[in-house]
Amino acid sequence: MKTKVTELLGIAYPIIQGGMAWVAEYHLAAAVSEAGGLGIIGAGGAPAAFVREQIQKTKELTSKPFGVNVMLMNPEADEIARVIVEEGVSVVTTGAGNPGKYLAMWKEAGIRVIPVVASVALARMMERAGVDAVIAEGMESGGHIGSATTMTLVPQVVDAVKIPVIAAGGIADGRGFAAAIMLGAEAVQMGTRFVVARESIVHENYKKKILAAKDIDSEVTGTSHGHPVRQLRNNMTREYLKLEKAGAPFEELEHLTLGALRKAVVEGDTVNGTLMAGQIAGMIKEEMTCAEMIQEIMEQAERLLK
Ligand code: TUI
């Protein structure tokens, strides 16, 4: 299936894997790229040296295009931005901020730059700054989110900019893919579905929680201090929301979440870890390889779009 995004990125299918912190490491990224989508290494809060190693390991597993996601709150974001250029990565996505200060360097290096935006205003600003496309991410997504839903954000961003728009948030099958195309998107980005890919190194306990999740099993923590994060309900979210409701200071809340994503992904702590996942987790029932997933989604979508 050809779209402006498959052309822009040199990939077979317009499916991008979300650059999830801790989750999106080189095995997953390489598997998605090998399957014809765009695999992405999620730099998350990792040091620049670790990101460089991840890039090099991905190159050993695939010769197809792949990307790196820069989480802009990372204290080493400046160094990571340079590592991406030095390693000749072809696509960069960004999250949780405005990547403006890196654009000139990345564009000069011939890198395709695709920021995640959660509003029309940022999408417009990014287009003016010269990015190649934007990912419009709705609040159905897991992790750090904005406040507009995918259904409302995607068509409004599509109307506001001329560059291609990639839809994210709440998409995990061919129906969601087809709906995104109907809203004017040129590709989709999926996160939660790839967390449970066979090639994903995420702890079995975390995967089981996603596979068992129902439609209303996620909570949004951190709204009171401007960093809303969607994750599956557990002991951690119950504690957090109780404290947040009581007006606990940011430092106390932050203490609760420190290292909690790692705890969930690496140690499989589903009680006190942060099980970031989108609202579509309730629909995901089976672990599959990335290639199986992408084939299934494309077949279903192409049938529907006809
Ligand atoms: O970035 C994400 N999702 C993430 S980042 C992350 S790491 C983390 N871990 C623990 C606590 C908090 C974060 C986990 N999930 N998605 C992309 C995204 N970007 N969603 C929303 C935004 C966004 C928000 C505001 C992008 C730009 C923005 O603009 C602010 C500005 O400066 O204009």
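Whatever order the structure lists ligands and atoms in, that order sets their numbers, starting from 1. Keep in mind it's a predicted model, so treat the numbers as computed, not measured.
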Per-residue contact class, Glu137 against ligand 1 - non-hydrogen pairs under 4.0 Å: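 Contact part for Glu137 vs ligand 1: side chain (C-beta onward).
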
Between [X] and [Y], does any side-chain N to carboxylate O distance fall below 4.0 Å?
{"X": "Arg193", "Y": "Asp173", "result": "no"}
{"X": "Lys57", "Y": "Glu53", "result": "yes"}
{"X": "Glu267", "Y": "Arg262", "result": "yes"}

Do we see a donor-acceptor contact under 3.5 Å between the side chains of Asp78 and Tyr102?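 Their side chains do contain a donor-acceptor pair, which is all the 3.5 Å distance test asks for.
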
To check your reading of the model: name the closest protein heavy atom to [atom], its residue, and the distance in Å.
{"atom": "atom 12 (C) of ligand 1", "value": "Val229 CG2, 3.8 Å"}
{"atom": "atom 13 (C) of ligand 1", "value": "Met73 CE, 3.9 Å"}
{"atom": "atom 1 (O) of ligand 1", "value": "Ala96 N, 3.5 Å"}

Return all side-chain donor-acceptor pairs below 3.5 angstrom for residues 42-52, not counting sequence neighbours, or 'none' if the list is empty.
{"residue": "Arg52", "atom": "NH1", "partner": "Glu86", "partner atom": "OE1", "Å": "3.2"}
{"residue": "Arg52", "atom": "NH1", "partner": "Glu87", "partner atom": "OE2", "Å": "2.9"}
{"residue": "Arg52", "atom": "NH2", "partner": "Glu86", "partner atom": "OE1", "Å": "2.6"}

Side-chain donor-acceptor pairs of residues 179-191 under 3.5 Å, sequence neighbours excluded:
{"residue": "Glu186", "atom": "OE1", "partner": "Lys4", "partner atom": "N", "Å": "3.2"}

Looking at Leu8, is its backbone amide N or carbonyl O close enough to the side chain of Arg112 to form a donor-acceptor pair, meaning the two atoms are under 3.5 Å apart?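 Yes; judged by distance alone, with no hydrogens or angles, the pair exists.
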
Counting heavy atoms only, which of His144, Met71, Glu254, Arg230 comes nearest to atom 14 (C) of ligand 1?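 Heavy atom nearest to atom 14 (C) of ligand 1 belongs to His144.
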
Heavy atoms only: which of Met126, Met276, Met125 lies closest to atom 8 (C) of ligand 1?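 Among Met126, Met276, Met125, the closest heavy atom to atom 8 (C) of ligand 1 comes from Met276.
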
Does ligand 1 have any atom that is closer than 4.0 Å to a heavy atom of Leu122?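 Yes, that is the case, since the closest heavy atom of the residue is under 4.0 Å from the ligand.
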
Is Gly97 in contact with ligand 1, taking contact as a heavy-atom separation below 4.0 Å?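 Gly97: in contact with ligand 1 (<4.0 Å).
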
Can you name the atoms of ligand 1, numbered from 1 with element, that are less than 4.0 Å from a heavy atom of Val116?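 Numbered from 1, ligand 1 contributes 17 (C), 18 (C), 19 (N), 26 (C).
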
Contact atoms of ligand 1, heavy-atom distance to Gly95 under 4.0 Å: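 By the 4.0 Å cutoff, the relevant atoms are 1 (O), 17 (C), 19 (N).
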
